[in-house]
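What follows is a short report on a single structure.
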Amino acid sequence: MRIGVLTGGGDCPGLNAVIRAVVRKGVGVYGHEFVGFRDGWKGPLENITMPLGIADVRGILPRGGTILGSSRTNPFKVEDSASGASGIDRIRENLAANSVDALIAIGGEDTLGVATRLHELGVHVIGVPKTIDNDLNATDFTFGFDTAVNIAMEAIDRLHTTAESHHRALIVEVMGRHAGWIALHAGMAGGANVILIPEQPFSLDRVCAYVESRFESHYAPILVVAEGATPDGGEAAVLEKGLDAFGHVRLGGIGEWLAAQIEQRTGKEARTTVLGHIQRGGTPSAFDRVLATRFGLNAVDAAHDGDWGKMVALRGTDIVRVPLAEATTELKIVDPNRYAEAEVFFG
Ligand code: F6P
């Protein structure tokens, strides 16, 4: 069998470990052939390919990013204006032109959503879940999350000493538009005093009161805020418009806004560190390398078995196959009980 492999959506430490495992087992154990499609769904859409043999995956296990490149292209949203061919027609043509029988798509909600629709249209697809946000419902963990949490934790560790030295409130803004998993885990691991997540709108009054009380006990507070966290009440509308409390265009995100609010309301100095894409770059942790490798091995097994329309997932310590559709129906958000555990430090 000849199998195409692609990586879509935001990059994530561990993507190369998946690709390596797929190719090593697929070629070495099953004797299949592989072709890489470049830049997510753009590859099969525009017929941009690269060789993907054993030699091409040598040495990539510790490398961040993806040797295949990535994009957020959605073939269901494009049409060739000259020929009128839909994105799906073009994908079918290019799969046939490359003699590709099946696709292994490694991606998050959007990439796997496309994979699900392609499967429903009869294309042979297997999915592998990926996101640093850990918010895919069908799997207990996604690779990339552990690495991102470790990067954020190290940043928090370093911020403790400078917060204490300067008697400042220090805010760390981490990724997570819809789910606060990175904030929750990095905040707990790093001993943050306040953790703010998108699932639970926060009371600015309560945060400021806590900051003041913490300073009264002679300690500088560390606050971790997910990029999608919002204050409850009226301030949320201000944030949505991208304006600050004075009606000015906000250059930073929620972290900068919070620092300004804390300074105004408490009179204490506050600073924000936005970790941004640092959380997505660089070498994967051991946990992510192992999980990504196991996902890759199991994905190629599923393809070999012709078990189309499935996604590999972690359940407990086992890798299982679940219907692709399950991966994208609902986001996995932070449970209030998990958040309550972290709130113990915010009293
Ligand atoms: O979905 C992963 C993610 O890292 C989000 O947490 C973040 O909001 C987003 O990607 C950033 O995407 P981009 O790299 O396109 O700015």
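All residue numbers refer to positions in the sequence shown, counting from 1. Values in this document were obtained by computation on a predicted structure and should not be read as measured data. Counting convention: from 1, in listed order, for ligands and their atoms alike. The figures here come from the full heavy-atom set of this structure, side chains too, leaving out hydrogens, waters and symmetry mates.
Between Asp301 and Lys25 a salt bridge is recorded (basic side-chain N to carboxylate O distance below 4.0 Å).
In this structure, CD in Glu227 is found 7.5 Å from CG in Asp133, a value given to the nearest 0.5 Å.
Defined by atom type and a distance below 3.5 Å, a donor-acceptor pair is missing between the side-chain atoms of Ser285 and Asn150. Looking only at atom types and distance, the side chain of Asp288 has a donor-acceptor partner in the side chain of Thr147 under 3.5 Å away.
The nearest protein atom to atom 9 (C) of ligand 1, hydrogens excluded, is given as Arg177 NH2, 3.6 Å; this is a heavy-atom distance. Looking from atom 11 (C) of ligand 1 to the surrounding protein, the closest heavy atom is Arg280 NH1, 3.5 Å. Protein heavy atom at the shortest distance from atom 2 (C) of ligand 1 is Asp133 OD2, 3.1 Å. Scanning the protein heavy atoms around atom 7 (C) of ligand 1, the nearest turns out to be Glu227 OE2, 3.3 Å.
By the 4.5 Å heavy-atom criterion applied to side chains, Phe37 and Asn98 are counted as neighbours.
With ligand atoms numbered from 1 in the order given, ligand 1 contributes 6 (O) to contacts under 4.0 Å with heavy atoms of Gly176. Within ligand 1, counting atoms from 1 as listed, the ones closer than 4.0 Å to a heavy atom of Arg72 are 10 (O), 12 (O), 13 (P), 14 (O), 15 (O). With ligand atoms numbered from 1 in the order given, ligand 1 contributes 13 (P), 14 (O), 16 (O) to contacts under 4.0 Å with heavy atoms of His277.
In terms of hydrophobic clustering, with Ile, Leu, Val, Met, Phe, Trp and Tyr side chains grouped at heavy-atom distances under 4.5 Å, Ile67 and Val5 are assigned to a common cluster.
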